[in-house]
Amino acid sequence: MLAFGLAGHFAAEAVIRHQQAHQLNELTEVVLRRSELAVDFAAGSLDELARRNFASCEPAALQAIRLHVYQRSAIKDVRLVKPDGSVICSAYSETLEFDKGWVDRRDMLPSRDKTLSLFRVEQFGGDALGVLRDVDGSSALVAIVGINASLFDIMPAELRAHSQVILALSNGEKLGEFQTGAGKSLPAPISFERTSARLPLHATIQLEHAVLSSWNNEAYWPTLAVALGLGAIFGILLARAPIRSRSTSSSWTRSRWTHRRPRSWKCWWRSRKTSI
């Protein structure tokens, strides 16, 4: 039974770790999908502006772009840029003052759709995501997408204080993160990562390894109980096997003696008659 108990312990641990890894990988996938949807929304907005011929610095076009941005809270600004990425004009020109810098087109990361590129916009008070869509050979539109920390607040209550959710570009530049204790280092963290197949985005969940021992481990005791039950049944069967074996052996011996006695008596009688 001890062997079954040990086997049940290791089996339960393996099942629980598999379930935990599966759930954490799914949560990482959720972060990535939310980020992809935000980029898809921004790209769709830029496509709509280009389709309506608002990729221009004309006052009427900029006014239409400002209304478009006002109706979409996730987008903070839309800018018209040259093929090299330098800014021509902005729907909200005052937002240019918040930029710490502006990357060159060569530093923008292409997606699977070659007309769409992503880059980090370093700003005072927090970074943003730049989504560039080529309009024609002479210009492109850029949407400045705010990265809200609530986008990454997906961890279960038991893990929120012991985890960190990070979204970054494929070159390692961090776009946003969520952690209840800002700047807190996680002791002995383990990581779960996902990379987008069509966008240069990378999602990571880091988690304290120790907290897994007390999270989502309801399957441990039922699995151990099943293993102990199987061990008890197996032990009973083993204990009954020698008794049945001895009983069968005794029955076989008696049966053999019973069948041999008549033959022995007849042989003796015949030999007696022959001698007489």
Side-chain angles (χ1 to χ4, degrees), residues 31-105 107-111 113 115-135 139-154 165-179 182 196 199-203:
V31 175
L32 190 61
R33 293 292 167 260
R34 287 184 177 183
S35 306
E36 289 179 336
L37 286 174
V39 174
D40 292 341
F41 179 77
S45 297
L46 297 178
D47 291 339
E48 182 180 349
L49 291 173
R51 189 167 52 250
R52 296 168 62 184
N53 296 320
F54 289 149
S56 165
C57 292
E58 295 292 330
L62 292 176
Q63 183 179 22
I65 293 175
R66 283 192 289 270
L67 176 61
H68 192 83
V69 172
Y70 175 77
Q71 294 171 338
R72 292 158 177 79
S73 59
I75 299 177
K76 305 303 180 183
D77 190 19
V78 172
R79 301 170 185 179
L80 185 68
V81 300
K82 296 178 182 179
D84 63 358
S86 58
V87 177
I88 302 173
C89 62
S90 172
Y92 291 95
S93 57
E94 59 273 15
T95 62
L96 296 173
E97 301 175 3
F98 305 145
D99 294 348
K100 293 182 179 180
W102 187 259
V103 301
D104 188 82
R105 179 65 182 262
D107 298 322
M108 298 180 184
L109 302 175
S111 64
D113 179 356
T115 65
L116 187 69
S117 299
L118 304 184
F119 60 99
R120 184 178 65 171
V121 182
E122 295 185 84
Q123 295 182 322
F124 296 100
D127 296 338
L129 173 64
V131 180
L132 180 143
R133 170 72 84 182
D134 286 317
V135 176
S139 63
L141 286 171
V142 173
I144 308 300
V145 181
I147 303 299
N148 195 328
S150 62
L151 187 72
F152 315 121
D153 186 9
I154 62 168
V165 183
I166 304 170
L167 176 67
L169 292 171
S170 58
N171 62 0
E173 292 182 339
K174 188 183 296 185
L175 296 173
E177 64 179 324
F178 179 84
Q179 187 179 17
S196 175
L199 296 171
L201 293 174
H202 186 81

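Along the sequence shown, residues are numbered consecutively beginning with 1.
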Test side-chain contact (heavy atoms from CB on, under 4.5 Å) on Met108 and Val103; report intermediate values, then the result. CA-CA 7 Å; Met108 298 180 184; Val103 301; 3.9 Å; yes

Exercise answer: donor-acceptor pairs, residues 51-61 side-chain atoms, under 3.5 Å, sequence neighbours excluded:
residue: Ser56; atom: OG; partner: Glu58; partner atom: N; Å: 3.0

Pair up each side-chain donor or acceptor in residues 67-78 with any protein partner under 3.5 Å, not counting sequence neighbours, and list the distances.
residue: His68; atom: ND1; partner: Arg72; partner atom: NH1; Å: 3.3
residue: His68; atom: NE2; partner: Arg72; partner atom: NE; Å: 3.4
residue: Arg72; atom: NE; partner: Ser45; partner atom: OG; Å: 3.4
residue: Arg72; atom: NH1; partner: His68; partner atom: O; Å: 3.2
residue: Lys76; atom: NZ; partner: Ser73; partner atom: O; Å: 3.3
residue: Asp77; atom: OD1; partner: Ser90; partner atom: OG; Å: 3.2
residue: Asp77; atom: OD1; partner: Tyr92; partner atom: N; Å: 3.1
residue: Asp77; atom: OD2; partner: Arg79; partner atom: NE; Å: 3.0
residue: Asp77; atom: OD2; partner: Ser90; partner atom: OG; Å: 2.5
residue: Asp77; atom: OD2; partner: Thr95; partner atom: OG1; Å: 2.8

Any residue meeting salt bridge (charged side-chain N to carboxylate O under 4.0 Å, His left out) with Asp84, in chain and number order, not counting sequence neighbours: none

What donor-acceptor contacts under 3.5 angstrom involve side-chain atoms of residues 169-178, with partners at least two apart or in another chain?
residue: Asn171; atom: OD1; partner: Glu173; partner atom: N; Å: 3.1
residue: Glu177; atom: OE1; partner: Gln164; partner atom: NE2; Å: 2.4

Sequence neighbours left out, what pairs pass side chain to side chain donor-acceptor pair (under 3.5 Å) with at least one residue falling in residues 125-134? Asp47-Arg133, Arg105-Asp134, Asp113-Arg133, Thr115-Arg133

Residues two or more places apart in sequence or in another chain: which of them pass side-chain hydrogen bond (donor to acceptor under 3.5 Å, both in side chains) with Asp107? none

So which pairs with a foot in residues 139-153 pass salt bridge (Lys or Arg N to Asp or Glu O under 4.0 Å), sequence neighbours left out? Asp153-Arg160

Go through the steps to decide whether Leu129 and Val39 satisfy the test side-chain contact (heavy atoms from CB on, under 4.5 Å), and finish with yes or no. CA-CA 9 Å; Leu129 173 64; Val39 174; 3.7 Å; yes

Non-neighbouring partners of Ala50 that pass side chain to side chain contact (heavy atoms under 4.5 Å, CB included), sequence neighbours left out: Val135, Leu141

Minimal non-hydrogen separation, Leu80 against Ser139, with atom names: CD1-CB, 3.9 Å

If you look at every heavy atom in Leu32 and Ser196, which pair is closest and at what distance? CD2-N, 3.5 Å

Excluding sequence neighbours, so at least two apart, what forms ring-ring contact (aromatic ring centres under 6.0 Å, His included) with Phe119? Trp102

Side-chain touch Pro110/Pro200, heavy atoms, less than 4.5 angstrom: no

Using a 4.5 Å cut-off on heavy atoms from C-beta on, say whether the side chain of Val131 contacts that of Leu118. yes

Run the side-chain contact (heavy atoms from CB on, under 4.5 Å) check on Leu167 and Arg34 step by step: do they pass? CA-CA 10 Å; Leu167 176 67; Arg34 287 184 177 183; over 6 Å; no

With side-chain contact (heavy atoms from CB on, under 4.5 Å) as the criterion, how do Phe152 and Ile147 come out once you've worked through the C-alpha distance, each side chain's angles and the decisive distance to 0.1 Å? CA-CA 10 Å; Phe152 315 121; Ile147 303 299; 3.7 Å; yes

Should we count CD of Gln63 as having more than 12 external heavy atoms under 6.0 Å? no

